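Worth saying up front: this structure is predicted, and the values here are computed from it rather than measured.
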Amino acid sequence: MTNRFLRTSALGVSFLALALTTGAARPSPTSTGPKAPTVTVYKDAGCGCCKSWVAHLIKHGYRVDAKDTPDMTEVKRALGVPDALTACHTAVVNGYLIEGHVPAADIARLLKEKPKVAGLAVPGMPMGSPGMEGPRAQHYQVLSFDKAGKTKIFASY
């Protein structure tokens, strides 16, 4: 009687589906709470460091919508990235611009503190920044910037 009840009742079907899906779902080792927002990344299709930076974001819990873009100069101009701050790729998250190899921890801090800035940038492509790992690392700064291009040091590495 019980088996027939479970097979034929909507509650039984729901319970079975819940049991099957709950047992299969395991949290990822990097998840420590609610999912971070989606980061839209504009990048060159053939750029390895862009792919590595995207992997860095994913490793730190961000969802990424990567858009291969043939004209990065136009993307940067249209989004308002100051010329002096340009780097390899450009991203947008929760209304903020992220230019270059900005560490995921600094993006998290930006989203938590919500300063009145246009975004964060790591100008150029400094060795040792996320996505630019290698045999040596160089000192670099993460800069916050406003719409006029005025910068402040946000973090130093």
Side-chain angles (χ1 to χ4, degrees), residues 14 17-18 21-157:
S14 296
L18 179 62
T21 57
T22 303
R26 291 193 174 103
S28 95
T30 58
S31 71
T32 56
K35 278 283 194 190
T38 298
V39 180
T40 302
V41 179
Y42 300 92
K43 65 180 194 61
D44 182 278
C47 182
C49 71
C50 292
K51 291 175 187 168
S52 295
W53 187 70
V54 165
H56 167 78
L57 293 180
I58 292 169
K59 177 182 173 188
H60 287 87
Y62 288 92
R63 292 169 292 194
V64 176
D65 179 14
K67 298 186 180 295
D68 291 336
T69 308
D71 190 354
M72 286 302 300
T73 302
E74 178 56 26
V75 168
K76 292 171 190 307
R77 188 199 63 71
L79 292 174
V81 176
D83 289 340
L85 301 180
T86 61
C88 191
H89 45 264
T90 303
V92 179
V93 60
N94 285 10
Y96 288 106
L97 290 171
I98 307 296
E99 180 67 11
H101 296 269
V102 176
D106 292 325
I107 296 171
R109 179 178 151 210
L110 173 78
L111 296 175
K112 181 180 179 189
E113 294 177 2
K114 297 181 176 120
K116 295 197 182 310
V117 298
L120 299 178
V122 173
M125 297 169 65
M127 291 302 299
S129 61
M132 291 294 296
E133 295 84 0
R136 64 180 183 84
Q138 64 189 97
H139 173 76
Y140 69 95
Q141 295 177 327
V142 177
L143 305 173
S144 65
F145 62 94
D146 64 17
K147 291 183 190 283
K150 183 177 176 185
T151 62
K152 290 183 183 177
I153 297 171
F154 190 80
S156 292
Y157 295 90

Rounded distance (nearest 0.5 Å) linking atom [atom1] of [X] with atom [atom2] of [Y]:
X	Y	atom1	atom2	answer
L110	Y96	CG	OH	5.0 Å
K43	M72	NZ	CE	10.0 Å
L111	Y62	CG	OH	5.0 Å
M125	C50	CE	SG	7.0 Å
D44	T69	CG	OG1	8.5 Å
K76	E99	NZ	CD	3.5 Å

Exercise: identify the closest heavy-atom pair between [X] and [Y]:
X	Y	value
K147	A118	N-CB, 4.0 Å
A155	R109	CB-NH1, 4.5 Å
C47	C88	SG-SG, 3.3 Å
A87	G100	CB-CA, 3.4 Å
P103	P130	CA-CG, 3.6 Å
G134	M127	CA-CE, 4.0 Å

>> The test is side chain to side chain contact (heavy atoms under 4.5 Å, CB included); show your working for L57 and I107 and say whether it passes.
In response: CA-CA 9 Å; L57 293 180; I107 296 171; 3.8 Å; yes

> So, H60 side chain and H56 main chain: donor-acceptor pair closer than 3.5 Å or not?
Replying inline: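 Looks like yes, one N/O pair under 3.5 Å.
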
> Counting only N and O atoms by type, is there a donor-acceptor contact under 3.5 Å from the side chain of W53 to the main-chain atoms of S129?
Replying inline: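 Such a contact is absent between W53 side chain and S129 backbone.
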
> Do V117 and F154 have side chains that get closer than 4.5 Å, going by heavy atoms?
Replying inline: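 They are not in side-chain contact.
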
> Do the side chains of I153 and L143 get nearer than 4.5 Å, heavy atoms only?
Replying inline: yes

> For L120 and D106, what are the C-alpha separation, side-chain angles and deciding distance, and is it a side chain to side chain contact (heavy atoms under 4.5 Å, CB included)?
Replying inline: CA-CA 8 Å; L120 299 178; D106 292 325; 4.2 Å; yes

>> Please determine whether side chain to side chain contact (heavy atoms under 4.5 Å, CB included) holds for the pair V92 and L97, giving the CA-CA distance in whole Å, both sets of side-chain angles, and the decisive distance to 0.1 Å.
In response: CA-CA 5 Å; V92 179; L97 290 171; 3.9 Å; yes

> Are V122 and Y157 close enough, and set up right, to give a side chain to side chain contact (heavy atoms under 4.5 Å, CB included), and what steps lead you there?
Replying inline: CA-CA 11 Å; V122 173; Y157 295 90; over 6 Å; no

>> Parallel, tilted or perpendicular, judged at 30° and 60°: which one describes the rings of H89 and H101?
In response: perpendicular

> Is a salt bridge present between D65 and R63, judged by a nitrogen-to-oxygen distance below 4.0 Å?
Replying inline: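 Salt bridge: no.
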
